[in-house]
*Asks:* 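Sharing a structure here in structure tokens format.
Source: prediction; values computed, not measured.
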Amino acid sequence: TDRRGRGLMQGLELTVSAGAVSSKALEQGLLVITAGNNVLRFVPPLVIGKEHVDEMIQKLKKVLDNL
């Protein structure tokens, strides 16, 4: 429902449990952490390529579509 942060360090506010999303994301090989009950936190490495961001988006979209 909302996005917070600066640069690549972002928090994504959800309407579903961030813990459930985090668990399902891990099954897809995507490591994200939670910040509270409904916020996913993204803290990518300092050196990251567009292909990695695209892969993360694809995996996260798959997880959210299945919830």
Side-chain angles (χ1 to χ4, degrees):
T1 61
D2 195 19
R3 180 189 61 83
R4 309 174 194 160
R6 293 180 180 253
L8 290 177
M9 294 177 17
Q10 295 289 315
L12 184 63
E13 188 174 343
L14 306 170
T15 57
V16 296
S17 166
V21 174
S22 178
S23 296
K24 294 293 183 183
L26 189 56
E27 291 174 10
Q28 296 294 319
L30 178 62
L31 181 60
V32 292
I33 55 176
T34 61
N37 293 332
N38 66 334
V39 177
L40 281 183
R41 186 184 311 173
F42 301 93
V43 185
L46 292 176
V47 179
I48 189 169
K50 181 182 180 318
E51 66 275 7
H52 299 116
V53 175
D54 291 342
E55 180 181 353
M56 183 274 303
I57 291 169
Q58 178 184 17
K59 288 180 179 182
L60 184 59
K61 182 173 178 359
K62 182 178 179 180
V63 168
L64 292 174
D65 287 345
N66 288 330
L67 285 179

*Asks:* Assess whether atom NZ of Lys24 is packed by more than 12 heavy atoms of other residues, nucleotides or ligands within 6.0 Å.
*Replies:* no
*Asks:* Working to the nearest 0.5 Å, report the span between CG of Leu12 and CG of Leu64.
*Replies:* 7.5 Å
*Asks:* Starting at CD1 of Ile33, measure out to OG of Ser22 and round the result to the nearest 0.5 Å.
*Replies:* 8.5 Å
*Asks:* Nearest 0.5 angstrom please: Gln58 CD to Glu51 CD, how far?
*Replies:* 13.0 Å
*Asks:* Indicate the atoms forming the closest heavy-atom contact of Val39 with Gly11, along with that distance.
*Replies:* CG1-CA, 4.1 Å
*Asks:* From Glu55 CD over to Gln28 CD, what is the distance, rounded to the nearest 0.5 angstrom?
*Replies:* 10.5 Å
*Asks:* Minimum heavy-atom separation for Ala25 to Val32, with atom names?
*Replies:* CB-CG2, 4.1 Å
*Asks:* Looking only at heavy atoms, which two atoms of Arg41 and Ala35 are closest? And how far apart?
*Replies:* NH2-CB, 3.3 Å
*Asks:* Just how far is it from atom NZ of Lys62 to atom CG of Leu30, taken to the nearest 0.5 Å?
*Replies:* 12.0 Å
*Asks:* Show the numbers, then the answer: is there a side-chain contact (heavy atoms from CB on, under 4.5 Å) between Asn38 and Val16?
*Replies:* CA-CA 6 Å; Asn38 66 334; Val16 296; over 6 Å; no
*Asks:* Is it true that a side-chain atom of Ser23 and a backbone atom of Gly19 form a donor plus acceptor pair closer than 3.5 Å?
*Replies:* yes
*Asks:* Are any of the side-chain nitrogens in Arg3 or Glu13 under 4.0 Å away from the carboxylate oxygens of its partner?
*Replies:* no
*Asks:* Check the surroundings of atom CG in Asn66: do more than 12 heavy atoms from other residues, nucleotides or ligands lie under 6.0 Å from it?
*Replies:* yes
*Asks:* Check whether any side-chain heavy atom of Phe42 lies under 4.5 Å from a side-chain heavy atom of Leu60, and answer yes or no.
*Replies:* yes
*Asks:* Flag yes if more than 12 heavy atoms outside Ile57 fall under 6.0 Å of its CD1 atom; otherwise flag no.
*Replies:* yes
*Asks:* For the pair Val63 and Lys59, evaluate side-chain contact (heavy atoms from CB on, under 4.5 Å) and give the outcome as yes or no after the intermediate values.
*Replies:* CA-CA 6 Å; Val63 168; Lys59 288 180 179 182; 5.7 Å; no
*Asks:* To the nearest 0.5 Å, tell me how far Leu14 CG sits from Thr34 OG1.
*Replies:* 10.5 Å
*Asks:* Where do Ala18 and Leu40 come nearest, in terms of heavy atoms and distance?
*Replies:* O-CD2, 3.7 Å
